[in-house]
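Letters A, B, ... mirror the listed sequences (proteins, then strands); counts begin at 1.
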2 protein chains.
Amino acid sequence: MAERKPRKDAARNRMAVLAAADALFAGHETPEDITMADVAAAAGVGKGTLFRAFGDRTGLLRALYETRLEPVREAVASGPPPLGPGTEPRRRVPALLDAVLCFKLDNRRLALALEEDGSGSPYRAEHYARWHGLLREALERVPGLTDGDFTAHALLAAVRADLVEHLAGREGVPREELRARLAEFVDRVLDGGPGAAGP
Amino acid sequence: MAERKPRKDAARNRMAVLAAADALFAGHETPEDITMADVAAAAGVGKGTLFRAFGDRTGLLRALYETRLEPVREAVASGPPPLGPGTEPRRRVPALLDAVLCFKLDNRRLALALEEDGSGSPYRAEHYARWHGLLREALERVPGLTDGDFTAHALLAAVRADLVEHLAGREGVPREELRARLAEFVDRVLDGGPGAAGP
DNA sequence: ATACGATACGGACCGAGGGTCCGTTTCGCA
DNA sequence: TGCGAAACGGACCCTCGGTCCGTATCGTAT
């Protein structure tokens, strides 16, 4: 059941591909004009190597994504408040969404590439399930809020890569303004609903 | 500058393609395994004809989509309340979103195909601009609500085709339940925010 | 009716890109 | 240093969106 360690040329090539792909995606306007052949060439590697290491295009994207996501996941899993566990939900939910937004702002092209990659909708990705589960759990502990499940989906939809790209990229909304707008929206959702308007 | 009437064989073929495409998308699980050649064959037409009539894949999808959307647009533009104009915003906003949701439920495959079609993000489509403009305008008249622009984006994100497909299709959430969940979420957004929790 | 220009037809053809295959090279262990 | 296993790499294949152009059809002027 234990996967044995890969040969060291394999490991080296894997790193080279990851680095090359990262640079390529960062440097190009749109993700879909970077071909697998481009990545292989930039990494100084054959296409066969690339596909053996990552399976397919989606696999490469996912590997890159997970790498970048690592620090955020760490902060969420065991960092200090307001992101870390043990934060009271009403405060943690906005922090989580802000973290997702910032992540997508910092990795626009990559997130975009992964989300619009045809193979399966974004909703099947396991990282989506993680965020959704986390959020739902937190939401269900917010007093007065019913249906944390749908609310989690809806809130995550507000930070989808292509929307972020549209606002931050095409419409040129500055980072801090976008964060503020999202924060306000999240606050509305958390404070609204039946009972909130009561005396 | 007036486009002259098309030849009648052209018109007939256009209809045939539209009908064939409609049937194909309705009958297949996933949109991307329907090729342009499939559509042409099903319509009893050559590929050349298909591409001359619609330009490209996106053009075909858009034409289909607009056709289906027509009644809804009509109801919004000049129908009775709560969808039509002249409805007070607080009541119209949920109605608009419910209409979008229902439309996507009734045209799941098609909406999915159009949204995940690589050519440009969904946010560049002019029908998105229409919905967004309409919603923003209505939202800006809802008392206590600031930033109708972002709110409109966020609310529309909650009814995106792939999310709807995920919930209604993959998770099997029944139509009415989904509508109820969305309605509740929209209400939270509309009633929440600063001031709503007043004295 | 007929001739003729304009328009549309249709399927062979093309190029791009994701993914595979397999002869050759490298690794790592004894 | 020998040898089997693992990895390499790029030629190759296939699908699919999109184009091209010789042929068929339409509509109109005569």
(request) Take A:N13 and A:T49 through the side-chain hydrogen bond (donor to acceptor under 3.5 Å, both in side chains) test and state the conclusion after the steps. (result) CA-CA 8 Å; A:N13 281 332; A:T49 300; 5.1 Å; no

Rounded to the nearest Å, what distance is computed from the [atom1] atom of residue [X] to the [atom2] atom of nucleotide [N]?
| X | N | atom1 | atom2 | result |
| --- | --- | --- | --- | --- |
| A:R14 | D:dA6 | CZ | P | 18 Å |
| A:F54 | D:dG9 | CZ | P | 14 Å |
| B:L50 | C:dA8 | CG | C1' | 14 Å |

(request) Check whether more than 12 heavy atoms from other residues, nucleotides or ligands sit under 6.0 Å from atom CZ of A:R141, and answer yes or no. (result) no

(request) Answer yes or no: does atom CD of B:E29 have more than 12 heavy-atom neighbours from other residues, nucleotides or ligands under 6.0 Å? (result) no

(message) Do the side chains of A:R181 and A:E177 get close enough for a salt bridge, i.e. N-O under 4.0 angstrom?
(response) yes

(message) Tell me which pairs pass salt bridge (Lys or Arg N to Asp or Glu O under 4.0 Å) where either residue lies in residues 38-55 of chain B, with sequence neighbours left out.
(response) none

(message) So if I define the base as every atom that isn't primed, P, OP1 or OP2, how would nucleotides 15-26 of chain D read as a B/S/- string at a heavy-atom cutoff under 4.0 Å?
(response) -SBBBB----BS

(message) Quick check on D:dA7: is either OP1 or OP2 less than 4.0 Å from any side-chain nitrogen or oxygen of A:N13?
(response) no

(message) Less than 3.5 Å apart, any donor N or O on the side chain of A:E184 or B:T146 sitting next to an acceptor on the other?
(response) yes

